[in-house]
Number of protein chains: 2
Amino acid sequence: MKTSKTEQEILQAATELFLEKGFAATSTTDIANRVGCNQALVHYYFRTKENLVRQVFMTNLEQILNLLDQPLPEGLDFFGIADYYIDIYYNYILGRPTAPLMIINELLTNPERREMVREIFMKNLRRQLMYYNLDQALKQAIEKGLIRQIETLDLLIDIASLTLASFLIAPIYADLLQRDAEAQKEFIIHRREETKLLIRLRLMPQKI
Amino acid sequence: MKTSKTEQEILQAATELFLEKGFAATSTTDIANRVGCNQALVHYYFRTKENLVRQVFMTNLEQILNLLDQPLPEGLDFFGIADYYIDIYYNYILGRPTAPLMIINELLTNPERREMVREIFMKNLRRQLMYYNLDQALKQAIEKGLIRQIETLDLLIDIASLTLASFLIAPIYADLLQRDAEAQKEFIIHRREETKLLIRLRLMPQKI
DNA sequence: TGCTTATTTAATAAACTTATTAAACTTTAT
DNA sequence: ATAAAGTTTAATAAGTTTATTAAATAAGCA
């Protein structure tokens with residue numbers, strides 16, 4: 001009763017198409033065509049398109065959230081920790097560059113999805129603990145004058161913003177300046193280093 | 001032959017719905033229902049849905065690009081100029097918070113739209129001149145040691161990334177922490193100031 | 001006024017969408 | 001080998017979508 005090969009292929013094709021064109025613009029017929037199977041088979045395995053959408057959405061969202069779930073690396077200062085997380089996120093998204101857009105897009109246009117996110121958050125106590133630990137560690141470092149005053153949430157949003165936007169902008173950059181896929185990847189690597197520099201300067205305890 | 005009231009109403013309703021639900025999820029029947037007119041009327045004025053989509057897309061994109069088209073304010077140093085542009089963008093998007101998502105979404109999922117963007121760029125020589133002027137001014141300031149070494153494109157992308165992401169994250173933030181619209185606006189204002197601080201620190205000529 | 005043009009509507013064609021059903025085909029397990 | 005369970009297909013119902021058409025209504029003006 002473990003998921004069959006065809007079922008996986010359908011899920012895979014659905015994921016690809018949803019990421020390429022968005023949920024609304026993808027039909028179950030499109031999915032079947034990509035797999036090379038009958039359209040009814042999509043419904044046999046997942047019954048409704050909504051189930052399929054939900055599954056793809058949840059899987060991708062959980063993957064992204066789980067990246068934060070790893071323990072803080074030992075023996076690194078905050079500059080090192082920031083770099084470490086920036087690398088993790090850039091590397092992850094390099095592998096599936098349109099996933100964040102799909103997530104963001106669904107979250108913004110579909111209120112039900114936001115309910116799902118709260119569920120995921122509430123369910124995972126470990127993640128809440130991680131946030132609490134980071135918050136405490138930051139506060140101590142600030143008190144000791146090791147880093148500049150910053151809210152924990154702002155630091156995370158700064159990193160997330162710069163990372164996310166790199167991947168939204170990269171394909172547009174490549175197309176506009178008529179660059180190839182290789183140049184696009186270089187652009188992202190370059191933006192990763194710029195992100196690290198920005199965050200480093202944000203945290204460095206010098207007076208403005 | 002100037003655009004009739006009904007035509008404007010249709011365009012307005014289409015814009016609203018496209019921004020709320022996305023292009024694919026909005027039907028011409030939805031648009032007619034919001035206006036309170038017959039569905040055929042939508043096609044009478046715009047013939048195809050694609051024409052309507054194109055027009056809404058182009059209008060919003062041009063508005064966003066035109067924000068950069070204003071002359072550099074006099075008597076400001078680069079820190080002041082950066083703040084000035086950050087304010088302009090935040091204020092604009094505050095008025096139409098989902099416009100950037102629609103633009104980004106279309107650009108990423110629909111290759112034809114990227115062609116449109118190149119057209120717009122190439123057509124507007126003044127914008128190219130603006131970029132050239134900014135580039136020159138930055139290079140001089142760097143040479144004189146007034147600001148830290150930075151590529152012009154990176155500075156613009158830094159600002160755009162932080163601004164854009166604020167608006168993508170704000171509604172999710174509000175929903176997740178169950179805050180109201182007022183708190184969401186405050187969040188964005190707060191992020192605007194964090195953006196200014198980040199950019200300021202990025203430009204300040206201190207050794208890392 | 002009456003003629004012309006513009007706007008609006010109802011009706012509908014043609015294509016496409018999701019989902020179900022019954023029948024055919026494969027596997028698997030005894 | 002064969003019965004049971006699982007997989008796949010063709011056919012199709014029911015609904016939606018875009019777009020067109022012809023007829024009805026309203027405006028503009030000579």
Side-chain angles (χ1 to χ4, degrees), chain A residues 1-60 102 105-106 109-113 115-116, chain B residues 1-60 102 105-106 109-113 115-116:
Chain A
M1 198 51 170
K2 62 186 71 151
T3 56
S4 71
K5 189 172 155 261
T6 314
E7 185 172 352
Q8 279 175 269
E9 279 176 5
I10 290 172
L11 189 62
Q12 174 61 30
T15 305
E16 287 171 18
L17 284 165
F18 288 158
L19 294 181
E20 280 169 31
K21 311 197 297 174
F23 289 128
T26 303
S27 69
T28 52
T29 310
D30 291 337
I31 296 167
N33 286 344
R34 176 157 301 193
V35 175
C37 73
N38 191 285
Q39 176 260 352
L41 209 52
V42 177
H43 289 274
Y44 170 74
Y45 280 114
F46 297 89
R47 204 170 58 77
T48 66
K49 180 184 163 183
E50 172 63 18
N51 283 341
L52 204 37
V53 169
R54 228 192 298 267
Q55 196 163 321
V56 171
F57 175 79
M58 288 293 254
T59 304
N60 278 278
M102 181 207 66
N105 199 30
E106 264 313 284
T109 58
N110 201 333
E112 307 156 47
R113 304 281 180 246
E115 199 43 52
M116 289 183 180
Chain B
M1 199 52 172
K2 62 188 72 154
T3 56
S4 72
K5 189 173 154 261
T6 315
E7 184 172 351
Q8 279 176 269
E9 279 176 6
I10 290 171
L11 189 61
Q12 175 60 28
T15 304
E16 287 170 21
L17 284 165
F18 288 158
L19 293 181
E20 280 168 31
K21 311 197 295 173
F23 290 128
T26 303
S27 70
T28 52
T29 310
D30 291 338
I31 296 167
N33 286 345
R34 176 156 301 192
V35 174
C37 73
N38 191 283
Q39 177 259 354
L41 209 51
V42 177
H43 290 273
Y44 169 74
Y45 280 115
F46 297 91
R47 203 170 58 78
T48 66
K49 180 184 164 184
E50 171 64 17
N51 284 340
L52 204 38
V53 169
R54 227 194 297 269
Q55 197 163 322
V56 171
F57 174 79
M58 287 292 254
T59 304
N60 278 277
M102 181 206 66
N105 199 32
E106 265 312 285
T109 57
N110 200 332
E112 307 156 47
R113 304 279 180 248
E115 197 44 53
M116 290 182 181

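Because the structure is predicted, anything quoted here is derived from the model rather than measured. Chain identifiers are assigned alphabetically (A, B, ...) following the order of the sequence lines, protein sequences preceding nucleic acid strands; residue numbering begins at 1 within each chain. Computed over heavy atoms, backbone and side chain alike; hydrogens, waters and symmetry mates excluded.
Residues passing the side-chain hydrogen bond (donor to acceptor under 3.5 Å, both in side chains) test with B:T48, sequence neighbours excluded: B:N51. Under the rule for a side-chain contact (heavy atoms from CB on, under 4.5 Å), the partners of B:Q55 that lie at least two apart in sequence or sit in another chain are B:L11, B:F46, B:T59. Among residues two or more places apart in sequence or in another chain, the side-chain contact (heavy atoms from CB on, under 4.5 Å) test is passed with B:N110 by B:E106, B:E112, B:R113. For A:E115, the side-chain hydrogen bond (donor to acceptor under 3.5 Å, both in side chains) criterion is met by A:R118, not counting sequence neighbours. Shown here are the side-chain hydrogen bond (donor to acceptor under 3.5 Å, both in side chains) partners of A:S27, two or more places apart in sequence or in another chain: A:D30. With sequence neighbours excluded, the residues satisfying side-chain contact (heavy atoms from CB on, under 4.5 Å) with A:A32 are A:C37, A:Q39, A:V42. For B:E16, the side-chain hydrogen bond (donor to acceptor under 3.5 Å, both in side chains) test picks out B:Q12, B:R34, with sequence neighbours left out.
A heavy-atom distance below 4.0 Å to DNA chain D is reached by none of the residues of residues 11-23 of chain B. Within residues 31-38 of chain A, the residues approached by DNA chain D to less than 4.0 Å at the level of any non-hydrogen atom are A:C37, A:N38, in residue-number order.
Counting only heavy atoms from C-beta on, B:L41 has its side chain closest to C:dT9 among C:dT9, D:dT8, D:dA11.
Protein atom OH of A:Y45 is 17 Å distant from nucleotide atom P of C:dT20, rounded to whole Å. Whole-Å rounding puts the A:I10 CD1 to C:dA19 P distance at 14 Å.
Between B:Y44 and C:dT7 there is a side-chain polar atom (N or O) within less than 4.0 angstrom of OP1 or OP2.
Counting heavy atoms from C-beta on, the side chains of B:N60 and B:T15 come closer than 4.5 Å. The side-chain heavy atoms of B:L52 and B:T28, taken from C-beta on, include no pair separated by under 4.5 Å.
Listed by first then second residue, pairs satisfying ring pair (Phe, Tyr, Trp, His ring centres under 6.0 Å) with a partner in residues 3-38 of chain B read B:F18-B:F23, not counting sequence neighbours.
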Output one line per pair: protein atom, nucleotide atom from nucleotides 14-18 of chain D, and distance, for all N/O pairs under 3.5 Å.
residue: D:dT18; atom: OP1; partner: B:K49; partner atom: NZ; Å: 3.2
residue: D:dT18; atom: OP2; partner: B:T28; partner atom: N; Å: 3.0
residue: D:dT18; atom: OP2; partner: B:T28; partner atom: OG1; Å: 3.1

